[in-house]
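Please read the structure below before turning to the comments.
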Number of protein chains: 2
Amino acid sequence: MTARAHRPTIKEVAQHAGVSPMTVSRTLSGGLNVKPDVQERVLAAVAELGYHRNENARSIRPGHSSGLIGVAITNIANPYYSTFALGVEEEAALTGRRILLGNTSEDAVRENALVSDFLGRRVEGLVVVPASNAPEHLADAQRQGVPVVQASRRIDGLDADSVVLADEEGAQRGATALLDAGHTRIGYLGNTLSIFTGQRRHAGFVRAFDERGIPIDQDIVAAGQQTVDQAREATRAMLQMKNPPTALFCANNRNAIGALKEINRQLSTGVRPASDYPEIMSFDDFELAELSPVPISVIDHDPRELGRTAARLLLDRLDADGGAVREVELPVELRMHLR
Amino acid sequence: MTARAHRPTIKEVAQHAGVSPMTVSRTLSGGLNVKPDVQERVLAAVAELGYHRNENARSIRPGHSSGLIGVAITNIANPYYSTFALGVEEEAALTGRRILLGNTSEDAVRENALVSDFLGRRVEGLVVVPASNAPEHLADAQRQGVPVVQASRRIDGLDADSVVLADEEGAQRGATALLDAGHTRIGYLGNTLSIFTGQRRHAGFVRAFDERGIPIDQDIVAAGQQTVDQAREATRAMLQMKNPPTALFCANNRNAIGALKEINRQLSTGVRPASDYPEIMSFDDFELAELSPVPISVIDHDPRELGRTAARLLLDRLDADGGAVREVELPVELRMHLR
DNA sequence: CTGTTAGCGCCTTCAT
DNA sequence: ATGAAGGCGCTAACAG
């Protein structure tokens, strides 16, 4: 199979068509100043040899770019981020650009390596869900004229465009809705506060309590779960307290899903009815949330649009550099389903 | 912001360090035959200027490759495929390669354009979930020495490595399990039979009935749903028949999720108990399947492993070309949860 | 140990 | 309307 063949060059096409490489080049870029019959011969040779212009060779010429966007996200497998990546890909494809996709696994070192690699491959710009609070490598990229767009999270000390969610406002509205529904013991399940969204959503949660003058019981605040299993364990611990929460505020889909799984598991033992379990407020909607055995409200938002917006910010900057840093905050939508 | 700066070249680094470009090049590729103190000066210049080797320039030299793998999948946002992409990315990253990711939206024309673009960017190989049955563009790639690995689906007339699932066997086992549980009216919900997996899973379904000598009622066979909403509508239609199925065989997660959503919606009207609704056999596990209000069994498999395997097939072929076409079939695991 | 030369594939510029 | 020369960034091969 695949006799390690050879990728034809413009020279070979030229030879094949009995013209000079320049004529091939001209034909391929519109055919200006090439006689129609010559063009035909060239295109025939192109088809026959299966020639494709070497974009890497083209991109090294002065004033030309690679048409590549580097996308570094923390977890490709998380549907939220993969949908985000789809949004970026779609917008990029509209301009003929492609995305180089890399996974950071929430690891700063890996992100560094990834960005460095992307720069070596001469990406035109970077879309990053920052995994650390260190801006150096991203600032470096910008200094070299490679614009960076931060998505979902924003890090201090980096003068780069960003698109994030209305995390704090959304969380506050969600938590307030629970308080208004009469809940006083509301458990918090979120990712670590060292992450932008974790910090902001927690702040919104706290603000809701503050505004109502209700104290927060830190015993039922669990921040730091990054996986469904960790969230599930945190939920288990909370539910077995002598005085468990009557509602759970989940700061992202990993935590909401973990909570649901644990509640569902306990329900299947049949000891207590669903009404004995806390209802849920989830920051992030997710597929099949509607199957929840306890009422679940969501603070919804659109990851695909987040990706599209990030890409547009980047593409705008590529077209017309300069101008102030743009910080976009996408709205979230609260959808209530309480008892 | 971002004074459209400049990406340093090897020449500038050389000048900065007071050496020739070759010395920089040598230093960067291990430092063989460069005095330690000179290396230091070079590395200092590299750091100061933020220099990154231009991989595109490197890759155009004879005998060198781009370190890029082109990945064309049908739907990035589908958790199944994004997890698959993660698997490919992981394996590729182990060898220092990156993935160019493109979405085909199940559209042959788009796939063609994508592959053509990938070839222009000099990818070393392609991992494709084929969206059509036309092998031409992929065969072209192979002819040029760009190996192709087909994942999840296989198309006729293409001499390329592939990794697929034990679709037929898995489907047959799942359907047989339903028959053994006493079901005789089993509805089928699947994607179109023109797609490899759709065809194979349906064949397995049919074979189960054939082996038991039980006829299939074509009125409750619905193939062609590609989205959750379409699956939901097909389910609705089936459930409102005078003689609805007592079990549903869903050939993929989109169809299973659509079925679940419809059943759940009808249940929430409270007219009939869950026990009146069909139980489900799903080819594909998915997050929160356990919340199903009706028993759900799954024919499980690991998309990440599918991606890893695809990548390994490709990387193997890059290392050592030649050898017969390899067709890998990954096993599936049946997990029963019936009434 | 270090530098010079040449050429990868392409296309801008300058002839013709 | 076509072709020849030159150079993009990089490094093998060949001096020294």
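We use all heavy atoms of the structure for the numbers below, so side chains are in, but hydrogens, waters and symmetry mates are not. Convention: sequence-line order gives letters A, B, ...; per-chain numbering from 1.
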Value rounded to 0.5 Å, distance of CG in A:Leu68 from CZ in A:Arg98: 10.0 Å

Looking only at heavy atoms, the pair that brings B:Pro130 and B:Gln150 closest together is CG-OE1, 4.1 Å

Rounded to the nearest 0.5 Å, what separation is found between the CD atom of B:Glu327 and the CG atom of B:Leu313? 10.5 Å

Set out, line by line, the N/O atom pairs under 3.5 Å between protein and nucleotides 13-16 of chain D.
none

Rounded to whole Å, how long is the line connecting atom CG of A:Leu32 with atom C1' of D:dT2? 13 Å

What's the spacing between A:Arg308 CZ and A:Leu86 CG if we round to 0.5 Å? 7.5 Å

List in chain and number order the residues that pass ring-ring contact (aromatic ring centres under 6.0 Å, His included) with B:Tyr80, two or more places apart in sequence or in another chain; answer none if no residue qualifies. B:His301

Determine which pairs satisfy ring pair (Phe, Tyr, Trp, His ring centres under 6.0 Å) with at least one residue from residues 39-72 of chain B, sequence neighbours left out, and list them in order. none

Which atom names give the shortest non-hydrogen contact between A:Leu101 and A:Phe118, and what distance separates them? C-CZ, 4.3 Å

Quick one: list whatever passes side-chain hydrogen bond (donor to acceptor under 3.5 Å, both in side chains) with A:Thr83, sequence neighbours left out. none

Any residue meeting salt bridge (Lys or Arg N to Asp or Glu O under 4.0 Å) with B:Glu91, in chain and number order, not counting sequence neighbours: B:Arg312

Rounded to the nearest 0.5 Å, how far apart are CG of B:Asp156 and CG of B:Asn133? 7.0 Å

Restricting to non-hydrogen atoms, name the atom on A:Val115 and the atom on A:Leu138 that form the minimum distance, rounded to 0.1 Å. CG2-CD2, 4.0 Å

Taking five pairs at each terminus, the helix from C:dC1-D:dG16 to C:dT16-D:dA1 shows an axis bend, to 10°, of 50°

Strictly by salt bridge (charged side-chain N to carboxylate O under 4.0 Å, His left out), give each pair with a member in residues 58-69 of chain B just once, sequence neighbours left out. B:Glu55-B:Arg58

Separation between OG1 of B:Thr95 and CG of B:Leu315, rounded to the nearest 0.5 Å: 5.0 Å

Strand contacts (DNA chain D) in residues 10-20 of chain A, 4.0 angstrom heavy-atom criterion: A:Val19, A:Ser20

Closest non-hydrogen atom pair between B:Ala108 and B:Ser132, with its separation: CB-CB, 3.4 Å

Is it true that a side-chain atom of A:Asn56 and a backbone atom of B:Arg121 form a donor plus acceptor pair closer than 3.5 Å? yes

Which residues, if any, of residues 46-61 of chain A bring a heavy atom under 4.0 Å of DNA chain D? A:Ile60, A:Arg61

DNA chain D contacts among residues 34-42 of chain A, heavy-atom distance under 4.0 Å: A:Val34, A:Lys35, A:Val38

Check salt bridge (Lys or Arg N to Asp or Glu O under 4.0 Å) between A:Arg304 and all other residues, then give those that pass, not counting sequence neighbours. A:Glu90

Straight-line distance of A:Asn103 CG to A:Leu114 CG, nearest 0.5 Å: 8.5 Å

Could you give the start and end, 5' to 3', of the contact zone on DNA chain C for chain B, using atoms under 4.0 Å from its heavy atoms? C:dC1 to C:dC8

